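First comes the structure, then the notes that go with it.
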Amino acid sequence: MEEKIKRLLASVVHPETGQDIVSSGFIEHTASAEGKVTVVLRFAKARDPFAVKIKNQAESLLCEAFPGAEVLVVIKEGGAAPRPEPKLKTTTGGIARVIAVASGKGGVGKSTVTANLAIALRNMGFRVGVLDADIYGPSQPKMFGVEGYVPEAVAEDGVDHIVPAESMDVKLMSIGFFIKPTDALLWRGAMAVSALKQMIHQTRWGTLDFLLTDLPPGTGDVHLSIISELKIDAAVIVSTPQQIAVADVVRGVEMFRNENVNIPVAGIVENMAWFTPAELPENRYYIFGRGGARAYAEKNGVEFLGEIPIIQSIMDGADAGTPAAGIDFRVEEHYRGIAEKIVGKVMKNG
Ligand code: ADP
């Protein structure tokens with residue numbers, strides 16, 4: 001019976017290591033008697049973001065294999081490490097704050113907001129880096145005009161470090177430097193996770209006041225592993241007016257607020273809030289609806305950080321490799337307001 005339990009559990013893989021939970025020592029105890037199956041999972045980390053997911057997987061496998069039995073899977077955290085954690089030298093030591101930029105869906109302007117926020121923060125005098133972890137559509141290299149950059153590895157103190165691209169004083173590392181856009185869809189799961197880990201810990205970030213992380217849209221394993229690798233100080237959610245009400249945004253907020261994750265949500269940015277044609281600068285056309293993000297924010301206890309209208313120069317800047325906040329004062333003004341709120345929040349949080 002216990003053998004069968006272990007065999008079943010061996011099909012559960014920890015997304016971060018890519019190894020099954022039995023051979024990597026996560027099973028502390030199994031027991032079965034009188035229609036009961038009990039498994040104790042021991043996670044070395046106090047806050048393993050994959051713990052609940054693994055517990056749920058284990059439970060459903062056991063329920064299926066032992067119909068009618070009462071299945072109990074218990075998570076224990078901390079304590080004896082099931083395996084020695086590899087001693088990782090990390091280059092993140094000089095990073096003061098990490099801000100994750102997330103969205104429920106693609107195409108809402110998450111990457112554009114990340115790039116322009118980076119520039120707004122730089123204009124405020126901060127040292128800024130961007131980690132582009134959007135494996136499905138890494139667009140920061142294009143936004144910063146460094147497509148085709150080939151990161152070089154340099155040996156320092158016997159460790160290989162990766163040299164980030166630098167554009168408009170912003171240090172940039174992107175998964176896009178390592179994969180062809182056409183291959184992006186193949187890069188799910190373990191492969192992407194291990195590449196991202198390397199990018200996080202080996203990039204020569206130097207001293208940064210802020211590292212902005214452009215996450216893939218939605219919620220998934222990539223998010224969870226970044227959350228476990230980097231101490232994220234705050235999350236910023238980007239949405240368009242018509243996307244704000246959909247479940248994906250809610251799920252995004254819930255992911256950060258999950259008790260195992262516990263990352264403060266700094267607030268919501270409403271992108272593409274209205275359109276002002278150049279020839280009618282006083283007019284605002286709320287093509288995608290009006291006020292939704294503010295209302296959502298109020299209802300869910302999330303701060304509304306501000307809105308960005310649809311502006312031609314934002315799109316042009318993204319195409320030309322110069323974030324518009326660096327060259328168009330109207331755009332910079334919108335972003336500065338949002339950046340100041342974010343800075344106020346993360347500084348307050350200690
Ligand atoms: P995501 O990262 O959410 O997939 P992107 O940042 O790539 O979305 O933006 C999608 C497209 O919308 C890009 O072509 C970008 O230039 C454009 N865009 C984003 N925000 C704005 C805006 N406020 N005004 C005009 N164009 C925008």
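Note that the numbering runs from 1 along the sequence shown for the chain. Predicted model, so just to flag it, every value in this text is computed and none were measured. Each ligand, and each atom within it, is numbered from 1 in the order the structure gives.
Atom 4 (O) of ligand 1 has its closest protein heavy atom at G107 N, 2.7 Å. Of the protein's non-hydrogen atoms, I314 CG2, 3.9 Å is the one closest to atom 27 (C) of ligand 1. For atom 20 (N) of ligand 1, the nearest non-hydrogen atom of the protein is N271 ND2, 2.9 Å. The protein non-hydrogen atom at the shortest distance from atom 13 (C) of ligand 1 is T112 OG1, 4.4 Å. What sits closest to atom 12 (O) of ligand 1 on the protein, heavy atoms only, is M272 CE, 3.7 Å. If you check which protein heavy atom lies closest to atom 8 (O) of ligand 1, you get G109 N, 3.0 Å. Of the protein's heavy atoms, M315 CG, 4.2 Å lies nearest to atom 17 (C) of ligand 1. Summary of contacts: the protein heavy atom closest to atom 7 (O) of ligand 1 is M143 CE, 4.1 Å.
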Taking it one step at a time, do Y285 and F275 satisfy ring pair (Phe, Tyr, Trp, His ring centres under 6.0 Å)?
-> CA-CA 5 Å; Y285 299 100; F275 175 65; 7.0 Å; no
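Remark: the backbone N or O of K105 is paired with a side-chain donor or acceptor of S103 at under 3.5 angstrom. Not one N or O on the side chain of N300 forms a donor-acceptor pair closer than 3.5 Å with the backbone of V302.
Polar contact check, S111 against ligand 1: a nitrogen or oxygen pair lies under 3.5 Å apart.
Judged by a 6.0 Å distance limit and a 45° cone about the ring axis, K4 is positioned over the six-membered ring of F66.
If you number the atoms of ligand 1 from 1 as listed, the ones under 4.0 Å from a heavy atom of A318 come out as 16 (O). Every atom of ligand 1 with a heavy atom of K110 under 4.0 Å away is listed here by number and element: 1 (P), 2 (O), 3 (O), 6 (O), 8 (O).
At a heavy-atom cutoff of 4.0 Å, ligand 1 is contacted by the backbone of P309 but not by its side chain. Counting heavy atoms closer than 4.0 Å to ligand 1, residue I311 contributes backbone atoms (N, CA, C, O) but none from C-beta onward.
Between D233 and K345 there is no salt bridge, since no side-chain N of the basic residue sits under 4.0 Å from a carboxylate O of the acidic one. A salt bridge links R294 and E307; the closest N-O separation between the charged side-chain nitrogens and carboxylate oxygens is under 4.0 Å. Between K110 and D214 there is a salt bridge, since at least one side-chain N of the basic residue sits less than 4.0 Å from a carboxylate O of the acidic one. A salt bridge links K55 with E59: the closest approach of a Lys/Arg side-chain nitrogen to an acidic carboxylate oxygen falls below 4.0 angstrom.
In this structure, atom 15 (C) of ligand 1 has protein heavy atoms in its sub-4.0 angstrom surroundings.
Ligand 1 lies nowhere less than 4.0 angstrom from a heavy atom belonging to G137.
Rounding to the nearest 0.5 Å places CE of M173 at 11.5 Å from CD1 of I200. Rounded to the nearest 0.5 angstrom, H14 NE2 and F43 CZ are separated by 6.0 Å.
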